[in-house]
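Letters go in sequence order (proteins before strands), and every chain restarts at 1. Only heavy atoms go into these numbers, but all of them, side chains included; no hydrogens, no water, no symmetry mates. Nothing here was measured: the structure is a model prediction, and the numbers come from that model.
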Protein chains: 4
Amino acid sequence: MEEFIARGFAATRLDDIAKRAGVAKGTIYLHFKDKESMFEELIRTAIVPLVMRIGSTPPPAGASVRDMVENFARTFIQEVATTRRGDIVRLIVAEGPRFPAVADFYFREVVSRGLAGMRAMIELGIARGEIRNRNLAKFPQILVAPALIAVIWQSLFSKHAPLDAIDMFKVHLDLIFGERRTT
Amino acid sequence: MEEFIARGFAATRLDDIAKRAGVAKGTIYLHFKDKESMFEELIRTAIVPLVMRIGSTPPPAGASVRDMVENFARTFIQEVATTRRGDIVRLIVAEGPRFPAVADFYFREVVSRGLAGMRAMIELGIARGEIRNRNLAKFPQILVAPALIAVIWQSLFSKHAPLDAIDMFKVHLDLIFGERRTT
Amino acid sequence: MEEFIARGFAATRLDDIAKRAGVAKGTIYLHFKDKESMFEELIRTAIVPLVMRIGSTPPPAGASVRDMVENFARTFIQEVATTRRGDIVRLIVAEGPRFPAVADFYFREVVSRGLAGMRAMIELGIARGEIRNRNLAKFPQILVAPALIAVIWQSLFSKHAPLDAIDMFKVHLDLIFGERRTT
Amino acid sequence: MEEFIARGFAATRLDDIAKRAGVAKGTIYLHFKDKESMFEELIRTAIVPLVMRIGSTPPPAGASVRDMVENFARTFIQEVATTRRGDIVRLIVAEGPRFPAVADFYFREVVSRGLAGMRAMIELGIARGEIRNRNLAKFPQILVAPALIAVIWQSLFSKHAPLDAIDMFKVHLDLIFGERRTT
DNA sequence: TATGAATGAGCGTTCATTCAT
DNA sequence: TATGAATGAACGCTCATTCAT
């Protein structure tokens with residue numbers, strides 16, 4: 001996976017994967033049909049812990065919706081956006097169009113579920129009066145957009161200009177939930 | 001450029017580029033040092049009209065900041081996000097890490113300028129009282145995040161679930177500028 | 001053996017042989033030094049029953065030489081030429097030049113013995129007055145030539161044009177022994 | 001072609017072909033789609049001069065059918081059976097079953113035409129009273145069988161026991177046309 | 001004796017790059 | 001300036017062979 005992340009699908013050599021895995025080249029073919037299916041399977045298995053790592057954070061009891069979303073985003077940013085795992089997301093963006101199976105899987109397992117979860121939260125926030133804008137439930141993408149931006153920024157521009165993703169997300173939450181008096 | 005967009009750097013063959021360009025393969029080397037520098041130059045020259053297309057929209061006289069931003073976003077979404085040009089952005093996200101020159105150029109010419117422009121608008125909005133959240137000026141990324149999301153969504157998931165990017169952006173603007181009474 | 005017949009030496013995989021034999025791949029190496037010697041041994045052991053099947057037909061008591069030869073040829077054609085066994089002969093023709101040990105063995109065990117037998121018959125036929133051409137004893141190959149042709153035809157051209165090998169052989173015998181009045 | 005003859009299809013390496021042809025390996029792919037089609041095309045183009053070499057011998061004026069056939073066979077044996085060209089025939093026998101296109105072509109261009117020519121000669125021989133056995137026309141294969149045997153013998157057994165193919169063929173002709181008084 | 005996972009040399013094929021024309 | 005045939009390094013993949021169990 002590290003090799004695919006570092007070089008992309010086409011530029012990654014089976015030789016390097018084998019070397020890094022500490023096995024002979026032929027051994028790879030005992031586990032995978034070919035390079036393509038290896039890539040797809042690796043992505044698939046890499047996504048599961050990615051989702052787990054996010055989903056496993058239990059919402060604190062008696063928490064406001066804002067706290068829940070903030071918790072969620074903080075976990076994502078700390079555990080994904082600012083680590084090598086974030087590059088998996090970038091890898092999917094990069095190779096998705098040429099690997100429909102990857103894009104399909106990602107949409108099904110991560111995107112649609114994640115958005116459904118976000119939508120539920122938004123609706124809860126609306127019901128509780130924490131969120132005023134009722135249309136937000138139609139576009140839960142807005143809620144997560146800055147987190148995704150953070151992932152991309154990290155890979156491409158962090159050395160040009162560091163970005164405090166958590167701070168950014170808090171400002172974003174202020175837009176949605178209203179500004180807090182204390183910051 | 002079309003070929004690079006469709007297949008990525010590594011999977012694109014000079015043969016196909018030459019065919020599409022209507023020249024012989026050898027002719028390419030009269031204009032470019034090698035495949036890498038051709039890619040970098042093409043990206044560079046492709047970005048300019050991309051920026052032009054956005055920047056050229058003159059702000060309507062006497063417009064509110066919201067109108068200006070909305071105009072801007074509408075142009076971007078119509079002219080970039082929902083067309084093949086949007087894939088250039090995705091291409092940069094995909095190949096950027098392996099082509100620092102590309103990422104550098106993109107940051108310098110597009111991202112930093114774009115964000116500076118956004119920041120100026122945000123500050124104008126704050127000054128005029130249109131925008132309440134003063135912290136937004138620290139993170140102009142938030143302003144454009146949904147537009148970028150739209151680009152990525154278009155490439156990867158539009159066939160799974162179409163996304164009305166303009167509607168989404170309007171909701172996003174409502175978060176920033178406050179909800180309009182009439183929609 | 002079936003695998004070697006179907007695909008030739010080089011294109012046959014030990015994997016398939018092991019599967020067909022119902023053993024693990026490694027087990028093969030307990031019985032054979034390597035693929036080459038396995039091929040040679042298999043050919044050797046396959047030839048024995050091939051010869052047996054032909055040689056075992058007892059000449060009918062009081063038979064004419066022509067009857068003996070015809071019997072012999074009929075057995076060969078029915079038991080070898082028109083069955084999978086015939087392909088062993090073709091396999092030897094195909095791989096012989098690259099496996100001198102195979103060609104040597106085949107020459108020693110089958111060809112020279114078979115020709116010696118044919119020569120004896122021809123001489124008997126000449127002695128009994130059944131065969132007029134005394135020179136035939138110098139080239140017993142002529143006697144069996146149509147049978148070999150039948151084997152090759154079967155493998156290569158039977159689907160283009162079927163060949164009644166037994167009828168052909170009878171005509172051939174007519175040339176040697178003189179035409180019979182009744183057909 | 002020499003390489004295929006010497007080693008068979010599967011065991012022949014493109015490297016060796018390129019080396020022998022004095023070109024780089026990649027150059028091969030400017031002329032042939034892949035190894036298989038190269039093999040098929042080479043066989044095809046090798047057969048043409050093979051046929052030409054035989055068919056070009058003009059029948060001597062006022063020749064008997066026996067003379068014509070003998071001439072024909074002598075040319076075949078001298079120009080094909082006892083030279084490297086004969087191995088092309090053996091190669092077809094060897095690889096034909098795995099290359100239906102080759103077997104088909106060979107049947108169409110060589111076998112069926114050759115047999116038709118032989119049949120015509122036989123019928124002429126019958127008409128002229130040179131050949132008594134009218135059934136021979138049904139199996140022109142018999143006429144050429146010893147010539148084919150000679151080809152195979154040459155490849156496999158000539159070092160064990162040399163075979164005078166021309167002498168053998170004369171005896172064979174004696175069987176068909178009747179023995180000549182003088183030899 | 002039997003296994004089958006692991007090996008790695010070797011093959012067919014591709015494609016960026018060169019250069020004689 | 002333009003060509004495109006030729007190159008050959010490099011890659012994905014196969015498969016005969018080995019060896020720890």
Side-chain angles (χ1 to χ4, degrees), chain A residues 3-4 7-19 21-39, chain B residues 3-4 7-40, chain C residues 3-4 7-19 21-40, chain D residues 3-4 7-19 21-40:
Chain A
E3 296 287 332
F4 279 128
R7 268 178 279 283
F9 175 79
T12 295
R13 292 179 304 241
L14 271 315
D15 262 318
D16 292 341
I17 291 176
K19 202 168 295 166
V23 299
K25 222 187 335 177
T27 309
I28 292 173
Y29 289 85
L30 299 176
H31 301 285
F32 303 100
K33 191 177 137 287
D34 57 13
K35 195 186 176 189
E36 289 209 5
S37 60
M38 172 168 51
F39 180 69
Chain B
E3 296 286 334
F4 279 129
R7 269 177 280 286
F9 175 78
T12 296
R13 286 168 311 205
L14 271 317
D15 259 317
D16 293 341
I17 291 176
K19 199 170 296 165
R20 165 98 65 139
V23 300
K25 217 180 346 171
T27 309
I28 291 173
Y29 286 85
L30 299 175
H31 300 283
F32 302 100
K33 189 176 140 285
D34 58 12
K35 195 187 177 189
E36 291 208 4
S37 59
M38 171 168 49
F39 180 69
E40 291 177 10
Chain C
E3 296 287 333
F4 279 128
R7 269 177 278 285
F9 174 78
T12 296
R13 286 169 309 206
L14 271 318
D15 259 318
D16 293 341
I17 292 176
K19 200 170 296 167
V23 299
K25 220 184 339 175
T27 310
I28 291 174
Y29 286 84
L30 299 175
H31 300 285
F32 303 99
K33 187 176 141 288
D34 57 13
K35 194 186 177 189
E36 292 209 3
S37 59
M38 171 168 52
F39 180 69
E40 291 179 9
Chain D
E3 296 286 332
F4 280 129
R7 269 177 279 283
F9 175 78
T12 295
R13 292 179 304 237
L14 271 314
D15 263 317
D16 292 342
I17 292 176
K19 203 168 294 166
V23 298
K25 219 178 350 168
T27 309
I28 293 173
Y29 288 84
L30 299 176
H31 301 285
F32 303 99
K33 191 178 134 287
D34 56 13
K35 196 186 175 189
E36 289 208 5
S37 60
M38 171 167 50
F39 180 70
E40 291 179 9

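- The 5' end of DNA chain E is approached more closely, in terms of each residue's nearest nucleotide, by D:Thr27 than by the other of B:Lys33 and D:Thr27.
- Atoms CG (A:Asp16) and P (F:dA10) sit 12 Å apart, rounded to a whole Å.
- For the atom pair D:Asp15 CG and D:Ile28 CD1, the distance stands at 8.0 Å (nearest 0.5 Å).
- Summarising the base pairing, F:dA6 is matched to E:dT17 through a Watson-Crick or G-U wobble pair whose two defining distances lie under 3.5 Å.
- Between C:Ile28 atom CD1 and E:dT1 atom P there is a gap of 16 Å when expressed in whole angstrom units.
- The distance between atom CD1 of A:Ile17 and atom C1' of F:dC11, rounded to the nearest whole Å, is 12 Å.
- As rounded to whole Å, 17 Å separates atom P of F:dC15 from atom CG of C:Asp34.
- Side-chain atoms of B:Asp34 come within 3.5 Å of backbone N or O of B:Ser37 as a donor-acceptor pair.
- Residue B:Lys35 is in sugar-phosphate contact alone, with no base atom involved, counting any heavy-atom pair closer than 4.0 Å across all strands shown.
- Side-chain atoms of D:Lys25 and base atoms of E:dT13 include a donor and an acceptor less than 3.5 Å apart.
- Separating the CD atom of D:Glu3 from the P atom of E:dC11 is a distance of 12 Å, rounded to the nearest angstrom.
- If you take CG of A:Leu30 and P of E:dG8, they are 13 Å apart, rounded to a whole angstrom.
- Between D:His31 and F:dA6, a side-chain N or O to OP1/OP2 separation shorter than 4.0 Å is present.
- Contact of the D:Phe9 side chain with the D:Met38 side chain is not registered, since no non-hydrogen atoms from C-beta on lie closer than 4.5 Å.
- Among the heavy atoms of the strands lying under 4.0 Å from A:Leu14 are primed sugar atoms or P, OP1, OP2 only; no base atom is included.
- Residue A:Tyr29 places its side chain closer to F:dG12 than to any other of F:dG12, E:dA6, F:dA6.
- Following rounding to the nearest Å, D:Phe9 (CZ) and E:dC11 (P) show an atom-to-atom distance of 14 Å.
- To the nearest angstrom, P of E:dA5 lies 11 Å from CG of C:Asp15.
- In terms of position along DNA chain F, the nucleotide closest to D:Gly26 lies nearer the 5' end than the nucleotide closest to the other residue of the pair D:Gly26 and C:Thr12.
- Looking only at distances, no side-chain donor or acceptor of C:Asp16 sits under 3.5 Å from a matching main-chain atom of C:Lys19.
- Between D:Arg13 and B:Ala10, the one whose closest nucleotide on DNA chain E sits nearer the 5' end is D:Arg13.
- Interatomic distance, B:Arg13 CZ to B:Arg20 CZ, rounded to the nearest 0.5 Å: 12.5 Å.
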